[in-house]
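Take a look at the structure set out below.
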Amino acid sequence: MKPLLYLLSVKYNGRDGKAHMYFYDEDTHTLVDVPDHTGHLPYLLTDLKPEELIAQYPDVFTHKGFNRLEVVEKYDALNDRWFLMTKVEALDPLSIGGTQKSIREILRGHAWEAKIKYHHCYIYDANLIPGMPYTLENGKPKLVDTKVPEEIEKLIRDLVKEKRDLAEYLSWAQILNAPIPRLRRVAIDIEVDSPPGIVPNPEKADRAVIAVSYYSDDRKGVLLLKRSNDIPKLEQNDAEITVFENEKELLQAAFKIMTSYPVVLTFNGDNFDLPYLLNRALKLGLREEEIPIEWSPRSDYAEIKGSIHIDLYKFFTNKSMRVYAFGNKYREGRTLDEVSMALLGIGKVKHEEAISEMTPERLVEYSLRDAELTYKLTSFNNDLVMKLIILMMRISKLPIEDLTRHNISAWIRNMLYYEHRQRGWLIPNLEDILRLKGQTSTKAIIKGKKYLGAIVINPKPGVYFNVVVVDFASLYPSVIKTWNLSYETVRCQHKECMENRVPGTNHWVCKKRRGLMSEIIGILRDLRVYVYKKGAKSSKNEEERQQYDVIQSALKVFLNASYGVFGSEAFPLYCPPVAESTTALGRYSILKTMQKAVEMGIPVLYGDTDSLFLWNPPQEKLEELLQNILNELQIDLSIDKEYLWVVFSKRKKNYLGLLKERKVDIKGLTGKKRNTPDYIKNLFNEIVEDLSEADNVSEFEKSVDKIRDLVFTAIQRLKKHEVPLDQLAFKVALTKPLKEYTKTTPQHVKAARQLLEYRSKLGISGNVEVGEIIAYVKTRNKDGVKAVQVARIDEVDNDKYIEIMRTTLQQILDALEIDFDDLLSGKVITLEKLV
DNA sequence: ACGAGTAATGA
DNA sequence: TCATTACT
């Protein structure tokens, strides 16, 4: 049997002017470079006939990139018609031109599909699916016909009755179920000899590279530059440590390691490690051919000749990955320490001394840890991240470099473009969608937003026992599926569809054609909810379960963003009525459900976007409700959580409850927020813990005494200055550079400025970076705040802290009808009013 | 370079 | 009242 070759990347190669496919050979663990076999060049489309082109735009034919013309039939979904267009094939219709205009510019106003990059164009037209296994036959890649597991096929057959639909579902299942290769890879990290406080500049590369560490599953080690005559003891478990007298030789050794792996991992290698190595090597007199790193200002990523470079910094900072794949476990993902601490439980090696002043032993330890963390971010949980990457490449049809560096809107864009090209549909221009479908008909509540969003039902304050939360499984994707929402079907051109209104808007939806977005998002939703989630639950095989779980997580990432992108101006298929209709139908669904519940005599306590809190619903009524909604709205409503009790305040998005499994669940309360001082957070948690032991009203009453004691002691300690400063610190992130706070000066900005001044007194230069978390305490000086680093305990403004305690605790106490001031004064409180 | 809604706080 | 932040 021929070895399986997994398509990882397609790149345009300037040297031979061809597209190259890069496959991972699972037998040899190497990269196979396959030059273009189709002769495809990218193209743009125009509505001009060839003779009009010749007459009006002769420049196109003399353009140096021009190749040929072809007339093709395309489907214009916006106007529901097929028509002839002229395909202008050219080497690089987007940008080649130099002083000359590019072909896209020459044809401005008559150009379609003119912004698609060469390699993406190639993938669409050669019908390639990145991440999938191929075999090579006479230099041509052939997709391997992998089988869908029987149980998956059965789940799909039970779900889909229409024959044509079935084929679509099965082909997606084939893509998702195809085997996933284990990529052989190495993580690289460099250290530079730069003075304390100075961030080395990769463009200048004027300081020596003192260490390059590498970490893989078969070898790890550090290449170290010898800087003094001390002979360091260099023993670090099983790492290889190589000392170089000469920096140039060190770099050459590093290059040799990098190119011996098909995949190289870095953390911020695009912006630091690789350009630094490149420029440093040039500076030390290496010739370009001797340096395997390529970096051009035009492409914003650093490439390694003959290998694939993945910069994990970009991937882990990606909001969709952070929130939906990694459950928001880390905040921003700006540092390796933050991400690895959250996902692996190990951080960087802590150090007081500057890198350049470390002993060789320390440097080795520090540097190797960075490479180790970088590698392990891709290997933890049985290579979870690598598997996710491969699966998301298959869904989006993006090469590995693009997938790992771009945000979700690019993934969804590329997925939809691919489907257009597959079907012979014309990809519409942004302006054309907007001209036909620009209007919105609802008004946002938040100033500056474009349309009305989700609905939040006013909570009924108080304590409630036996609360069941029901929610819609992926509400927005479901709405998009069942209501046929798509840019071409919402406000379609047919008169007869106009009566098919979207409730709460003045939009209508097409009844004659199936919407493309609706179809694709619908398939992905069904596969996630009814096939892979189910499969993951029912499968007896651990490995299989894990595989289905990765697949359903990958689908989740796409589904969760599938509505939002249509409301974003930056998305090339931006269509406000689609986004607006989605939220309108979401409101319609939740309100219908609420109405039904009330009709059935089930009290609704609260609801947010896609969930309802039901008070003590009898089992049979609950089941009736779920069934009724499924029949009426064709959206799955299911039980999400069950509480022994829930406490609501009068504020929305604020509640506290004890789950059936005796776990406390807190939402939105200040006591839980990151920026709240630890001292108050801890007090809050102690109170919550105390309450969590109560499961009836009388036990609640008993808790109150304890709560009073806790609050009293907390205030006494504060007044006696017994609370350490860091416990009192607010921790707030800078979201923009210090200079840009001109209109107002928030407290954390004041503190940041003090901090800067303080640092400069100590002789530390450098800046306060965007994203840096500033810790400050409230004080009784003019500014009202001081950065923790410069504050003293006796300066703390106790009254301010008591106020903060009051507002924080009031969120719980309000609902329990306990008054904070009564706690302070020691009055006796009963809870009889509660019942 | 995915959306809108809510709450809290300080200028 | 507006700006800023954090969170759902």
Side-chain angles (χ1 to χ4, degrees), chain A residues 300 314 317-324 328 331-332 405-413 415-416 430 440 442-459 471 475-477 480 521 557-576 578-584 586-587 606-611 649-655 665-676 680 730-736 740-751 771 773-774 776 778 783-785 800 803-804 806-808 810-811:
Chain A
D300 48 354
K314 289 202 171 110
T317 331
N318 184 315
K319 198 183 165 198
S320 296
M321 292 311 298
R322 200 181 76 221
V323 177
Y324 298 120
N328 230 343
R331 238 173 24 83
E332 286 185 306
R405 287 169 176 84
H406 287 120
N407 284 341
I408 186 77
S409 69
W411 303 0
I412 294 181
R413 177 199 69 203
M415 171 178 88
L416 296 177
L430 180 70
T440 52
T442 57
K443 219 175 144 36
I445 292 171
I446 306 173
K447 202 189 69 175
K449 302 290 182 185
K450 289 163 287 197
Y451 56 89
L452 193 55
I455 191 168
V456 184
I457 293 157
N458 259 321
D471 79 340
L475 176 63
Y476 288 163
I480 290 173
I521 292 164
V557 173
F558 282 79
L559 289 171
N560 276 321
S562 61
Y563 134 77
V565 291
F566 289 105
S568 157
E569 282 153 66
F571 187 62
L573 298 173
Y574 173 51
C575 187
V578 168
E580 192 181 27
S581 301
T582 309
T583 57
R587 294 192 298 273
Y606 175 64
D608 184 349
T609 314
D610 57 359
S611 66
S649 67
K650 53 179 183 280
R651 297 168 185 83
K652 295 171 172 179
K653 295 184 192 280
N654 268 262
Y655 58 88
D665 194 29
I666 309 170
K667 287 289 142 73
L669 304 181
T670 318
K672 205 189 154 194
K673 295 189 178 175
R674 194 201 73 227
N675 58 338
T676 308
I680 294 176
F730 289 83
K731 291 171 196 133
V732 179
L734 280 178
T735 53
K736 53 186 182 185
E740 285 173 30
Y741 289 91
T742 47
K743 281 185 193 160
T744 60
T745 315
Q747 294 192 317
H748 63 294
V749 176
K750 280 191 184 130
I773 294 176
I774 308 297
Y776 64 88
K778 307 227 179 201
D783 278 349
V785 291
K800 278 263 166 60
E803 273 316 297
I804 293 155
R806 176 203 303 280
T807 50
T808 305
Q810 206 72 56
Q811 292 175 348

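Naming convention: chains lettered A, B, ... in sequence-line order (proteins, then strands); numbering from 1 in each chain. Note that the structure is predicted; figures quoted are calculated from it, not measured.
- In this structure, CZ of A:Arg806 is placed 16 Å from C1' of B:dT9, rounded to the nearest angstrom.
- Of the two residues near DNA chain C, A:Lys731 and A:Lys447, the one whose nearest nucleotide lies more 5' is A:Lys447.
- Residues that satisfy the side chain to side chain donor-acceptor pair (under 3.5 Å) test with A:Asp608, not counting sequence neighbours, are A:Lys653.
- Atom CG in A:Leu573 sits about 15 Å away from atom C1' in B:dA1, given to the nearest Å.
- Salt bridge present: A:Glu803 and A:Arg806 bring a charged side-chain N and a carboxylate O closer than 4.0 Å.
- Here B:dA1 presents its C1' atom at 16 Å from CZ of A:Phe566, a figure rounded to the nearest Å.
- A:Pro459 has its side chain within reach of A:Lys652: a pair of non-hydrogen atoms, C-beta onward, lies under 4.5 Å apart.
- A:His406 comes within 4.0 angstrom of nothing in the nucleic acid, heavy atoms only.
- As a whole-Å value, the separation of A:Tyr776 OH from C:dT4 P is 14 Å.
- Comparing atom distances between the A:Asn407 side chain and each of B:dA1, B:dG3, B:dA11 picks out B:dA1 as nearest.
- In this entry the distance linking NZ of A:Lys750 with P of C:dT5 reads 14 Å, nearest Å.
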| said: Go through it in stages, so that I can follow the logic: the residues are A:Phe566 and A:Thr582, the test is side chain to side chain contact (heavy atoms under 4.5 Å, CB included), and I'd like the CA-CA distance, side-chain angles, deciding distance and then a yes or no. | reply: CA-CA 10 Å; A:Phe566 289 105; A:Thr582 309; over 6 Å; no

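- Considering only side-chain N and O atoms, A:His748 lies under 4.0 angstrom from the phosphate OP1 or OP2 of C:dT5.
- Nearest approach of A:Tyr776 to A:Ala751, heavy atoms of both residues: CB-CB, 3.6 Å.
- Nucleic acid contact class of A:Phe730 (heavy atoms, under 4.0 Å, all strands): none.
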Contact list (N/O, under 3.5 angstrom) for nucleotides 4-6 of chain B vs protein:
unit_1: B:dA4; atom_1: OP1; unit_2: A:Lys450; atom_2: N; d: 3.2
unit_1: B:dA4; atom_1: OP2; unit_2: A:Lys449; atom_2: NZ; d: 3.3
unit_1: B:dA4; atom_1: O3'; unit_2: A:Gly453; atom_2: N; d: 2.9
unit_1: B:dG5; atom_1: OP1; unit_2: A:Gly453; atom_2: N; d: 2.9
unit_1: B:dG5; atom_1: OP2; unit_2: A:Ile445; atom_2: N; d: 3.4
unit_1: B:dG5; atom_1: OP2; unit_2: A:Ile446; atom_2: N; d: 3.2
unit_1: B:dT6; atom_1: OP1; unit_2: A:Lys652; atom_2: NZ; d: 3.1

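- In this structure, A:Ser568 does not reach the B:dC2 phosphate: none of its side-chain N or O atoms is under 4.0 Å from OP1 or OP2.
- Atom CD1 in A:Ile774 sits roughly 11 Å away from atom P in C:dT5 (whole-Å rounding).
- Within the model, atoms CZ of A:Phe558 and CE of A:Met415 stand 6.5 Å from one another, a figure rounded to the nearest 0.5 Å.
- Atom CE in A:Met415 sits roughly 15 Å away from atom P in B:dC2 (whole-Å rounding).
- When every heavy atom of A:Asn318 is checked against every heavy atom of A:Ser320, the shortest pair comes out as OD1-N, 2.9 Å.
- Taking atom OH of A:Tyr655 as the reference point, atom P of B:dA7 lies 14 Å away to the nearest angstrom.
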